[in-house]
Amino acid sequence: MKRIFLLTTLVCASAANANGDCTLALSPSSVSYEARTLNMLQVSGHGAALSFGERRVRLSVDCPRMQALEVRFDAPAASRDTYRFGPGELQLRVVSARLDGRMIEWSREPDGVRNASLLRPGDRLRPGLNAALTQGQQWQVEMIVEPIVKRQAVSITDLSQFQALGSFRLE
């Protein structure tokens, strides 16, 4: 039998800040891999796991005035470093950040690591400049979303759906 499965990874943006006047937008607002067969998956750089492929998304935060900015991705954890994705894992990696039009560093909290690419469950992301946290009005963060599954998790004979749901929150 042909092994077929369907993947839809949904990543939503929502604003949940104290003053409620900032907006969050994710582009694209959802990531879909459509129908895939086992042969369409890629060998990942994560051991014997298979990847559905990397997709880029951009998170935009717009506020009417200068303020401290901090975002978090809320989704169930699969491990210390990844989010749950059906029987697999979803990895989020930060590629770049701009604050008020300028390229900027970022800090991953609570450990304070600067420019760490991996956004882990429970982490918060903050903009920084010259190793100091900074305020701003417009913050764009470009990330890579990569769903990963073990080979045995995709050894199926009928249509299945793999899904991850989460939301970005401004704190």
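- Residues forming a side chain to side chain donor-acceptor pair (under 3.5 Å) with Gln137 (at least two apart in sequence, or on another chain): none.
- Nearest heavy atom pair, residue Trp139 against residue Ala97, reads NE1-CB, 3.8 Å.
- Take Glu70 and apply the salt bridge (charged side-chain N to carboxylate O under 4.0 Å, His left out) test, not counting sequence neighbours, and it matches Arg124, Arg126.
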Exercise. Applying side-chain contact (heavy atoms from CB on, under 4.5 Å), run through Gln135 and Leu99 and close with a yes or a no.
Key: CA-CA 9 Å; Gln135 296 185 344; Leu99 184 67; over 6 Å; no
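- Note that the CD atom of Glu105 and the CZ atom of Arg114 stand 5.0 Å from one another [nearest 0.5 Å].
- Residue pairs meeting the salt bridge (charged side-chain N to carboxylate O under 4.0 Å, His left out) criterion with at least one partner in residues 75-85, sequence neighbours excluded, do not occur; the list is empty.
- Under the side chain to side chain donor-acceptor pair (under 3.5 Å) criterion, Glu54 pairs with Arg93, not counting sequence neighbours.
- Taking Ile, Leu, Val, Met, Phe, Trp and Tyr as hydrophobic and joining them when side-chain heavy atoms fall under 4.5 Å apart, one finds Ile144 in a cluster with Val95.
- Residue Leu59 comes nearest to Phe168 through the heavy atom pair CD2-CD2, 3.7 Å, listed as atom of the first residue, atom of the second, then distance.
- Taking each heavy atom of Cys63 and Leu170 in turn, the nearest pair found is SG-CD2, 4.4 Å.
- When all heavy atoms of Pro76 and Leu165 are compared, the closest pair comes out as CD-O, 3.9 Å.
- Considering only residues two or more places apart in sequence or on other chains, Asp74 meets the salt bridge (charged side-chain N to carboxylate O under 4.0 Å, His left out) condition with Arg72, Arg169.
- The shortest heavy-atom contact between Phe85 and Ala164 is CD1-CB, 3.9 Å.
- Atoms CD and CG, on Gln138 and Leu69 in that order, are 10.5 Å from each other to the nearest 0.5 Å.
- Partners of Ser96 by side-chain contact (heavy atoms from CB on, under 4.5 Å), not counting sequence neighbours, listed by chain and number: Met103, Glu142.
- In terms of heavy atoms, Gly122 sits closest to Pro110 at O-CD, 4.4 Å.
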Exercise. List the steps, then state whether side-chain hydrogen bond (donor to acceptor under 3.5 Å, both in side chains) holds for Ser107 with Glu109.
Key: CA-CA 6 Å; Ser107 173; Glu109 301 298 332; 2.5 Å; yes
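- Residues meeting the salt bridge (charged side-chain N to carboxylate O under 4.0 Å, His left out) test with Arg108, sequence neighbours left out: Asp111, Asp123.
- Applying the side chain to side chain donor-acceptor pair (under 3.5 Å) rule to Ser79 yields the partners Thr82; only residues at least two apart in sequence or on another chain are considered.
- A heavy-atom distance below 4.5 Å is not found between the side chains of Phe52 and Ile148.
- Here Leu92 contributes atom CG and Leu118 contributes atom CG; the two are 8.5 Å apart, rounded to the nearest 0.5 Å.
- Between Val61 and Thr23, every side-chain heavy-atom pair lies at or beyond the 4.5 Å cut-off.
- At a threshold of 4.5 Å between non-hydrogen side-chain atoms, the residues Phe73 and Leu119 count as touching.
- Residues Gln67 and Cys22 have side chains in contact (heavy-atom distance under 4.5 Å, counting atoms from C-beta outward).
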Exercise. Would you please test Arg102 and Asp100 for side-chain contact (heavy atoms from CB on, under 4.5 Å) and show each step?
Key: CA-CA 6 Å; Arg102 295 178 19 206; Asp100 297 331; 6.0 Å; no
